[in-house]
Structure formats: structure tokens, C-alpha cells
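The chains referred to below are lettered A, B, ... by the order of the sequence lines, with proteins before strands, and numbering in each begins at 1.
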Amino acid sequence: MTDGSISGSGGRIVVDGRPIEFAAGDSVAIAIMRSGKVPGGGGTLCLAGDCGNCLATVDGVAHVRTCEVEARPGTAVAGDPGHGKPPLPIVDGRDLTRTPIGRELGVRRIDVDIAVIGGGPSGLAAAAAAAAGGGNVLVLDADSGTEVVAIYPGRSIVAREPAGMLHVRADEIVVATGSAEIQPVCPGNDLAGIVTSGAAERLQAAGVGLGVAVAIGSPPSGVACTVLDGRLIRFEGDATGRLRSVVTTNTDGSEMTTACDTAIVGLGRAPRDVLARMTGDDAISLVGSVADEHPLPAAPTAGEICRCMGTTVDDLASAWDAGYTELELLKRASWAGLGPCQGGACLPHVRAFIAARTGTVPEPFTARPASRQITLAEAAADTTIDAFRRTPLHDEHLALGARMDRFGGWWRPWHYGDVVGEYWAVREGVSIGDVSTLGKLVVSGPDVVEALERIYPCHVADIKVGRSRYALLLNERGHVMDDGMILRTGESRFVLSFTSGGAANAEMWIRDWVDTWGLRVHVMDRTMSLAAINVTGPHAKELLARLGLAEPPRFLGHLEADIAGVPCHVMRLSFTGEAAFELHHPVDGSVTLWRALLDAGRDFGIRPHGLQALFGLRLEKGHVIVGMDTELDTTPHRLGMDWAVRMEKPAFIGKAALERTSRLPDTRRWVGFAMDGEAPPEGSPILGRDGDEIIGNVTGSWTSPLLGRALLLGWLKRTPFPDRVVINGREAVVTATPFYDREGLRARA
Amino acid sequence: MPALEPLVGRRVIGDPDALDAAIWSGRDVVVLRLAPDEAFGIGATAVELDDEHAIDESEAGFVGAVLSTADLADVIARVDWSLPSDPSALAQGKVAGVPAKLLIGDPSLLVTHAAYAGELADRLGWSS
Amino acid sequence: MHTLDCPRCGRRPLDEFTFGGERRPTADWLTDPDERDFDDVWVFENPAGVATERWFHAAGCRRWLTVRRDTSVDRVLEVR
Amino acid sequence: MVVVNPGAVAAFGATEAVASLQPIVWHEPRDSYDVVIVGGGGHGLATAYYLATRHGITNVAVVEADYIASGNTGRNTTIIRANYAIPEAIRFYDHSMKLYEGLEAETGAAIFHRKKGHVWLAHSEMGMRTERARVLMNQAMGVNTELLGPAGVKALVPQIDLTGGGRYPVFGASHHVEAATARHDRVAWAYASGATSRGVHVIQHRPVTGLLRDGPGGRVLGVQTAAGPIHAGIVLSAVGGRVSQLAAMARVRLPVRTHPLHAFVTNDFEQGLAKIVASTELACYVSQTERGQMLIGAEFDSQPSFSRLSSFDALRSYAYKITRLLPFLRSMRILRTWAGLCDISADFSPIMGETGVDGFLITTGWGTWGFKAIPAGGEALAERIATGRTPALIAPFGLDRFRNELAMADQASAGTR
């Protein structure tokens, strides 16, 4: 088929481990053909990117059309198994060095007025016309190395370039992608040695000989071949799958067999309009042969109709006869069009098949991205999600041996290696915790009291300057969204705090309502401006006194004070059950303050505590953690927190819903449990006393070092609510919370 | 390599008109208008504005990096949006997926929250 | 829908914004206050057509936008 | 001439696939039926099938606006599992999983059902808390789910990068042993074949434009279509995507929003990823299809929409996330992307049964969990239609639960968000 001589070798590529020489400008497919072989697993080659017959694994990427890849020295090609399947690229995820295109790809981004896809004569003419009209025009041409992969809504074009990915946004898109050659469907069309007219011309131009060639249909120009007049009946080959002869009709209808090395088929064209059909956007127009009406081929009668999937015309007929009698059902039932070329080769034939049976030509099936395939790495180029936040004390925690974990979008210390030790430091000495992640909003304005009275279910107006109140944040359904403190810092100025995970949502919530109501309220988010350290334990007050806080606020009071030279908003509250002071301060003073606290508390055995200890401490107090203990429909009542809701208020968000649902039976309740032995895992099912029915689940569980028992919080969802249940095979007793210091004397101390 | 250094100044929430007319004190104050009712005066020590309810706070929660022309090009390559047509305007949005602010000028300035500094530096390849 | 035109910051990719939900008009034939409340808080209009929605520019100015959008084709008609 | 690596023909190709098709019988529509089911997806067809096979009710029409399984049934990621977190959901999906296991034997149809196991990764302590709770609740309900540490994950999924690309370290996982996949359109066709061969009518390309009612607020008496009315003793909405619009025709208002969910597949590869791999935190999941493609999905679009056009924003985000966990996917090429419409209910659980309007039942809120529920949902609704009584299995999932403040909140089991 070829003499293999190369004038001007471009170097060698490696095909299935063997080097072959290529000529400068060869595609991998042409280089393979120049060497006397055929890429892919047989079938008609178009060498124009339309069929799936020249696939191979190129440089580790499987299912690459070799006709679309320029041969470069060292390009490694592993024959893609025609209809077989390549192995998964890499088996061991530890070997990250072997991701062939594992580098993070860059993205170039361009905004243009008009993008023209296709650099052929009609595309260039359209581009010239657009440029003459004053538009900013970009031509995207696959032959010049810019392959458009897809058009997405918003006229957003994704393309692959030699150096990475190209994302284009255009006001108008002109599709000038031309047309594809129709592939023959007849017996033997899976043999190797069949090419389209266009492919024959390309091979001729590349100097690749075709051997003894015959042409059926429109012959190629400038290619030496015998032109057969008759209709194509079948191809015949040898046992190796190679074409040996072509059978066509004589003028009298009899069969004529012509021996050949190569059969060249020119059976007409079909528009290459997949890109144009992807979004159905008005601002996408078609020019050139992609816009032309092309007649469908004759209805196929035998042979492989979909080379990618191996669907034969007989298969199509069988599926049709089984009732799969429309294009979309037929495609899915017969697999025709589901392969790498996505129907590029078979769709005209399938439509002709249906038209012959129904008398109506069906619309083409849906065009979905991607028309030219991209790898996941190419799709993910320059994609970044999840910016995790670090508190100013991040490095301090690491230096103290903390195991950091992501929680609510922040890196936080889970523990410092000794959860029980951290616990005891809080209960019996003094400890510090990094609570910088708490949500913090400053609100002020003439309508601020009115706004907060509407937002919160508790009273706000009667909070005195310098005092604070714990508050739930409810949604319109009366369900708990978040909780935190309301601190009054002036007649018309408040600081609001929220949970770490709920802060962003709370800010949006409050801004939304203030906008909606049109109230005169300023809102400043200080969450990332202020760090916060919780100083807690029996010696907390004394520790702070050593650092300059002579007159600490009393319980639920707050004040401004310099501590260790750092200006702090000192809040007296307690989540741990011990005396606790939250020191909110500018982030640039945080390390100074943290170190000063650790230094000054050394003789108290001060140590920092992580989240795990904090969860245990709060559990002993029965404090809720919104999100961990609560569910979608958790009302204050179900939490046993009716005290936090003032139904006598004229209005607040969620009040109407709470009035409505308060008349419903009381069927879900969040309660405390105590049991002997080790604490069961959080999430454990709670069973009824006879142990055969699940009646709830554990949301918090902790073996209390102080009480020597397992303490739990969780849901009961069957009435009547029992007072004894079974958890983890053991009996647990419903127990009032808090489990520890019921009167709250220690927190107030 | 550029570095994200702490920025200090005053951040103010106030009536938009009052903010427009605000008088900032301090040396080489650069005012970033974050929203119609919000501004961050980098280097500001005080601000006067005609809004008795304005929230006027000392602000240390941001970091910024001064960008050379080449640095700016690298940063812009990691931005999925167009720069404002007014070159002196503040641009806000994600840079390499991290919420940030970009003030194009001579020199240009990239600003983000201190909490995001590590993540942004990592993503821009600025971490040592 | 791939971008939103923030009136303060300019056109930005959608991943800079947080969807805040559509306004939920209560069905006009409901007269019982409890029914109206239930409808108000649980039901979604879920229109296949023009919706008026709130979007928050989380990665930019951190303020709300009011957006009219045709949900049937996911196209923005107006941003305020 | 030598053919480069012709490869072996796949053991199961298109010809075998076609040979395993069961016939669908198309009948001439009538103008009246005992039961009209709106929506020819999996749920509608399964309900018709179980009406015919379990209850002998065959005077049934399934009315489909497009072609059967053209909605979410033909667009989902085909995962069948019961590893939910609340007992009501575990019971329901476990029953569905068992019906799936027997579906090929019962119908004789090849649905390519394969047990694979579902590995649900956790990347933080809180993630592990969720998976631990899932395991405990599953085991208490008799569902085979086990807790794995990183080494256990590696043993099941050797391709995994336990560092999660340096960002999402694998703390462990829950492994739901019985989870399976099946070919989605095959499931719909199995029910269509079984139902139509027993006399059920499936009417394609017949959009419902209204409901026939016995006066305002009265009983629903049938459906109006562009091609004329169809009368019915009872109407079931098994619509996906336009359910709020259909329900509104009966003045039924739903706590449902419709969001697009995107998915994509790679080309075919040899079998090599035995498990379904998912991550709660990253809200993405991958399995290898019978053809050998990697089938990948992730979270739904935050904004409601009825557009089924693919989104590059979704594709790049999914591709980024899944390649943190399985780096070998980076060099695999994407064959096709698509989107479906998920009706997400206010509590992330389905809504089945009464609507408060006589003669009008509903099955909706199938969000991203509808495929796995097809057999159990269809069976239960058929029982409700045939007997007039709501089976205990689906009683917790009635529309009235929102009014009664008894949400079935289980978002963390949705596999998406």
C-alpha cells in the first residue's frame, strides 16, 4: 500500500513499542498509514475527525482520534482496541507521578464580540465580514490547533489549545464547521483499507500511497484510482481483516468484484452541526456547508451501522421490531450513536433507516457536549473550589501539636493530643480555646432595635448597654437556624454572634430582611476581622486579672478592655459550664494575646482545648450545637428551649408558624440520657425499652471524666416518650439536663 | 515573589452619600469602596463622616500584596472575570477561587481577608 | 446561566453568588390564616417561567441582588 | 498491511444487547381508563406494571409527554442503595433494593443489575461522624453497611489517593455492601414491556395540558391532552420536572423545587473500578458502567431551573472534585455530558400518596434518589391505587408530613446537595 519512503523525516513516534518514522506535518494517523499500517480497528477512515475508526491511546490518553493529533518525536501510541477497551490508565493512586497530563493546565480567557468556529473559506469570509462591521472577531480553527469542544449556554465556548484550555465568551457565534463525509454501511465495512474521498486526498497530499485503489461514488480529485460506476454492495477481505476486493453492481444488476488494496468512498456529506445544536441559542448562526441541506444516504440494508458500538443494520431492525420505534429509543436500544463519535458517522444512516419505515425523516438526536473529547484534567483546568480559612492562631496550634481538621469551612484544632487533659484543664484549672471562627456582626442605626425584635424570638429592646442575651435564630417555619449572643454596645448599636458554620448564612439572612423591610440598619461583618479566644475555667478570672483585666464583666456582661496590651471586647458567657470570657480582638493581636495567656497561666497548668473536648464540656451542660443536634424541622419546643421564645412579642420571624405548629401533637423531643460504661458512638440508634424498635438517635455522646458515666443527647421520636431506652445494647435513662452544675453556679462564679 | 502583608486601617459602614464625602486621616490612605455603604481606608487612622449611626472600626482583618506588572499578569490569569473598564476602580471577586479584591494602579494591589491569605498564596504559587 | 451581572462589581461567574430563593407568593385562594402561613413557609412556587429571586454576591460586595430570571431556559432577564 | 491492535470484540456488544431486549407493545389509545398515570418514567411504568401483575388491574394508561424514560429515568447515575440515615428511608430503599435484585428473574428482562458496594468517603472528623451514624443506623435496620478506615478504603478502591489530592484526606468511609447499579433505561423498558404485554397502554408524545375535575375543588376525573381528554377513575402524577405545574392544575401546591443535575461519562475502559465511590463532603460519585465507562455525577445546581442543557461550570467542578480522589481519571476523556431535572422536596425525601384532592395521587420529590426507588415506589403506589389504603412503607412520606411537622429530613443521605 505504500513504499514507506519518507522525504524529510520529522522524527519517530512509537507505536505499540516500535518506532516509526513520520514526515513533518503528519498526523499520528497518517504517520501510521505511511508505515504501512492502519490506525484503529478497521472501518472507513475519514481522517477528518468525524468517525471513531482511528482511535488509539496517545501519550496515555485513551480514545484519541489519531487523525487529530500531530505526530511529534516521541509521541507514544498504543493501539486502541477497535471495539475492545483499554485498561484503566493507572491502578495505584499512590503513583501520582504517572499521570501523563497530570500537570495543572492553564486556562486562557477571551471575551469577544464574535467568535467564528472553523477556519475554512466560509468561516474566514464570515470573520472578515464581521471585522469589517467593526466587531472584535476571534477565529477558532481546529486545523490551527484550537479545537472547540463545546458551546455552553451564555455563548461560552470551551476549546483546547496546544498550551492548555481556552474559554471564550462571545456575543455572537458563527459556526463554520463544514460537513462530514458519509460512511458506507454495507457488509464488510469494518475491514481495514477503506477511506473516504477526502481521506484519500489527504493521504495523496501527504505522499502516502494507496496501492491499487478503486473509487465508489464521487471520486477523489488527483488520486490515481479505478472509478467503479455501480452501486456498492459489499467489501470483501481476508482473515486478517484487511480489504481485498469491492463488490458493486453491474449495469445489468449482476455483481462485479474488483480486487484492490484501498477502496475510496464518496457517498455524499452530512452537516457537522453538533456545536450549533448544543444550546439552541439565537445568537449562533451557521455558514458554509454546515448550513446546507444534505440528502440522507439510502436506507441501509446490511453491515455495521455504528462502528463505535458494533451495531449492525440487523440489530437496528431487531430493536425496531421489538417496539423501539423512534430515534431516541432506537439509539438507546441498539447502542447506535453511543460511542466515541457520538453518532457522527451513523446518524444519517439511522435517520434514513427510520425514514424508510415511517415515511418521515426524524430530527437528529440531541447534541450534547463534548463534540471533541476532553479529559477530566482538561475540563478541570484552573478550577478551584473550597477556600478553607485559617485563624490567626493556625501556626500556634500547629506548634502546640494540634491535630487540625476542617470544620465549618475553617481549619480548627480538633485536639492537642490529650482530650481528657484538655477537659480537666477547663473544669479544674484554666484553658483557652480558639473561637475566632464565630460569626460576628455589628449592627447599628435608628431602626436597629426594631429590626432585631423582628429577627429574634427573644426580647431585644430591654437588653441594657453592656449586657447580652443568648438568642436563637429562627426561620419562617419556626425552625432553629442558628444561635448566638446579642450584645448591646450602644443605644442603637449591637454586636451579634453566631456559630462558626452558621455565620455566613446569618449575615445573608439579616441583610436580606433589613433590605426587605427597608429599615435603616447598617450591618458590618466582623467575622474575619476579629479573632476570639475563649478563656475558661475556675482560674479564668484570675488569669485575666494578671493580664490587666481588673474589673471583669459579670455574667452576660461585656466591656472593652486591653488585655496583654491587646484591645479586647470581653464577653462573659459560658458554653463549657465554667466561668468563661470570650476575648474578641483584632486578628493582628491574636498571637500576642494567645501567648500571653499561656505564659501567664503556666502555674495554673493552662493548656488549650480543641473541639473534641469542647463538645464533651458542652454536652455535660446540655447545650445544643445547631447543625449537629438539630434537624431540618427542629423547633425551640422540641429542643426544650421554649424559654428562648417570647410568644407574647407582637411579631418575629417564625412566630406564625410556631403558633400553628404548637397545636400539633408533641412527637419529637431532644433530651439527655445517662448510662453506665463507655459512651456509645454518636449517631447510635435509640431503641425502645424492649429493644426491637428504633425510636430515635444519639446526637451527642461523651464519657464524662467527672461523672464517670456516659452522658448523651439525642432524639426521641415515638410517643409516649419513654424514660428508659436501649442504646448500644445497654439501658439508658432519660435524664434532665444540664447533667453538670444544674444551677449554673460555676459559670457565674 | 509577592507576599500578602497585613493591612491596617479603618473600615466604615455608613450612608453612601456620607461615605462619598468622608474625610480620611492618616498617611497615604487608600480607600477601597467595598460596597455603596462600605469602605476600607487602608492606612487610615480616623474618618469623619456625616452619619451618626456609622459603624467605624479599626480594621486589621485584611492582607494585601503589591504587584509588579508581571505579578499582575499572573494574578489576572487566575481570574474568571473581566477587569473593570475604569482602571482605577476596585475589582472584587474570586482570584484563583478565593474571594479577593484587586486595585489596578501603579502599583497594583491584591487584597484578601487574612483568613484566606494562606490559601490564596498557595494557589498563586507564592508559598515558599 | 453562567454569570450574573452584579450592579456593584460587574459580571461574575455564578460560583461567586449564593442563591437565596425566590419570593413565595401565597396562593390567592387560601383564606385560612394557618393555611396561608403553611403555604407561605413550605410551598415553593417553582415557576417554569419568570421568577424574582434573591442572589447574594458572596465573593464580592457581600450584598443582595434581586434577579428576574426565566427558569424555563435558565436565562437572566434583569438584575437590580 | 497490518491492523494495529484490533483488540478483542467485547464480550457483550450491541448485538447481544439488542437480542436481550423485550418487546414493548404499543396499543391504540382509548378515551377512558380505570387508572391514568401521567409520566412514563420508571415510577409511572413500575406502578402500571405492579397494578397489572400484583392486582390484575390492566385498564391502565401511562401518558408520557415525550418518549418513555426520556426524563430522569434515562438521565440518572443508576445507583441502587439503601444506606440512608433515618429508619423510614432505610426501610423503604432496602425494600426497593431487594425488589431490584429480583427484577431480572421476575420480568425476564436484562437490566444489567450488578452488586458493587458503595463506598462513601469522609474527609473530616465530622464526615466520619456522619458515616459512623449511617453504619450504626443501617446495621440496626438489618442493612449491611460497615465502617472502614483508610486502609480498608484502599483495599476496596486501590486507585484512591488517600490524601485526596492533598486537600481532602480520606479519614475512612462507610461501605454499603449490597449497593448495586443497573442500566437505567432497561429498567423502564422492563416495566414497560411487562405492563404493555398485559394490556396496559403506554401513550407517548402526549403532553397533559390540564386535569378534568368535577367542579372546582371536586374529584379529578381524568386528564386533558392536546389530542383530547382521557377519562380516569384515578389519576396518578408520576411526573418528573414539571410536577409543580401539573399539581397546580389540581390546585395542589408542593414543597418542591426543580433543579438541574448534571452527569457525564467517559469512554469505555476495561472493568477495573469495582466499587461505587462517593464523597459526602465533595458531593460527587463515580461508578463504572457495564460498558466500562466512568459515570460521574455531583451536586445539583443551586438555582431551580427547567433547562436540561449541560453546564461547563458543573463539568469542571465535578471533574476537579472526582480527580482529587481518583487521580487516574485525569487522563480519561469525557464522552458525553447531560443534565436531568430533580424535584427536590423541602426535606430531601420523596412525597408519595394522597394530595388532598380526590382521585389525584402523586409520587414526586424524587430529587436525586428516584432511580433506586422505582420498584418500591411503583409497588406501593399500585397497592394504594388498588386497595385504597396507603401501605405502611410509604406512609411516612405523605405530603401531609410537612403540615404535621414530621419532616423526613435526610439530606446527608441524598448523595448530593
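With a 4.5 angstrom heavy-atom cutoff, D:Leu326 does not touch chain A via any of its atoms. Residue A:Ser684 touches chain D through both its backbone and its side chain, counting heavy-atom pairs closer than 4.5 Å. D:Asn404 touches chain A through backbone and side chain together, each having a heavy atom under 4.5 Å away. The parts of D:Ala346 that come within reach of chain A are both its backbone and its side chain, each placing non-hydrogen atoms under 4.5 angstrom from that chain. If you measure heavy-atom distances from D:His205 to chain A, the contacts under 4.5 Å come from the side chain alone. With a 4.5 angstrom heavy-atom cutoff, A:Ser334 touches chain D via backbone and side-chain atoms both. Heavy atoms of A:Leu664 lying under 4.5 Å from chain D belong exclusively to its side chain. For A:Ser156, no part lies under 4.5 angstrom from a heavy atom of chain D. Contacts of A:Leu611 with chain D are absent, with no heavy-atom separation under 4.5 Å from either backbone or side chain. Only the side chain of D:Glu88 comes within less than 4.5 Å of a heavy atom in chain A; its backbone stays farther off. In this structure, the portion of A:Met278 lying under 4.5 Å from any heavy atom of chain D is its backbone and not its side chain. Both the backbone and the side chain of D:Ile68 come within contact range of chain A, with heavy atoms under 4.5 Å apart. Within the 4.5 angstrom heavy-atom criterion, atoms from both the backbone and the side chain of A:Arg406 approach chain D. For a residue to count as touching a neighbouring chain, one of its non-hydrogen atoms must lie under 4.5 Å from one of that chain's; by this rule D:Thr323 touches chain A with the side chain only. With a threshold of 4.5 angstrom between heavy atoms, A:Asp386 approaches chain D through its backbone and through its side chain. Both the backbone and the side chain of A:Thr699 come within contact range of chain D, with heavy atoms under 4.5 Å apart. At a 4.5 Å heavy-atom cutoff, the contact between D:Tyr168 and chain A is made by backbone and side-chain atoms alike.
Comment: A:Glu682 engages D:Arg129 in a salt bridge, judged by a side-chain N to carboxylate O separation of less than 4.0 angstrom. Using a cut-off of 4.0 Å between Lys/Arg side-chain N and Asp/Glu carboxylate O, A:Glu326 and A:Lys331 are scored as not salt-bridged. Between D:Lys321 and D:Glu299 there is a salt bridge, since a side-chain N of the basic residue sits under 4.0 Å from a carboxylate O of the acidic one.
Listed options D:Ser310, D:Ala17, D:Gly272 were ranked by heavy-atom pairs under 4.5 angstrom with chain A; first place goes to D:Ser310. Note on A:Asp405, A:Ile694, A:Leu687: by heavy-atom pairs under 4.5 Å with chain D, the leading option is A:Asp405. Taking chain A as the reference chain and counting heavy-atom pairs below 4.5 Å, the highest number among D:Leu136, D:Asp185, D:Ile322, D:Leu162 is found for D:Leu136. Chain A forms more heavy-atom pairs under 4.5 Å with one residue of D:Arg132, D:Arg167, D:Gln22 than with any other, namely D:Arg167. Between chain A and the options D:Ala192, D:Gly292, D:Ala140, the largest number of non-hydrogen pairs under 4.5 Å is found for D:Ala140. Of the listed residues (A:His167, A:Gln342, A:Arg638), the one with the most heavy-atom contacts under 4.5 Å to chain D is A:Gln342. Per-residue counts of heavy-atom pairs under 4.5 Å with chain D were compared for A:Ala336, A:Pro665, A:Pro340; the largest is that of A:Pro340. The most heavy-atom pairs under 4.5 Å with chain D, out of A:Gln612, A:Arg668, A:Arg477, A:Arg660, come from A:Arg668. Note on A:Thr667, A:Ile385, A:Thr325, A:Asn697: by heavy-atom pairs under 4.5 Å with chain D, the leading option is A:Ile385. In terms of non-hydrogen atom pairs under 4.5 Å with chain D, the most contact-rich of A:Phe407, A:Tyr152, A:Phe388 is A:Tyr152.
Of all non-hydrogen atoms in D:Thr130 and D:Ala412, the two that sit nearest each other are CG2-CB, 4.2 Å. When every heavy atom of A:Thr375 is checked against every heavy atom of D:Arg330, the shortest pair comes out as CB-O, 3.2 Å.
With no hydrogens or angles considered, a side-chain donor-acceptor pair links A:Thr312 and A:Asp315 at under 3.5 Å. Side chains of A:His637 and A:Ser662: a donor-acceptor N/O pair is absent below 3.5 angstrom, by distance only. One side chain, D:Asp410 or D:Ser413, offers a donor N or O that lies under 3.5 Å from an acceptor on the other. A donor-acceptor contact under 3.5 angstrom links the side chains of D:Asp347 and D:Ser345, judged on distance only.
Looking only at side-chain heavy atoms (C-beta outward), D:Met137 and D:Ile86 stay at 4.5 Å or farther from each other.
Checking side-chain atoms of D:Arg75 against main-chain N and O of D:Ser70 turns up a donor-acceptor pair under 3.5 Å. Formation of a donor-acceptor pair under 3.5 Å by the D:Gln271 side chain with backbone atoms of D:Glu290 is found in this model. Proximity of a side-chain donor or acceptor of D:Asn138 to a complementary backbone N or O of D:Tyr84 within less than 3.5 Å is detected. Of the possible polar contacts, none joining the A:Gln373 side chain to the A:Cys341 backbone as a donor-acceptor pair under 3.5 Å is found.
Between D:Ile90 atom CD1 and D:Met141 atom CE the span is 5.5 Å, to the nearest 0.5 Å.
D:Tyr320 carries D:Arg324 over the face of its six-membered ring, with the cationic atom under 6.0 Å from the centre and within 45° of the normal.
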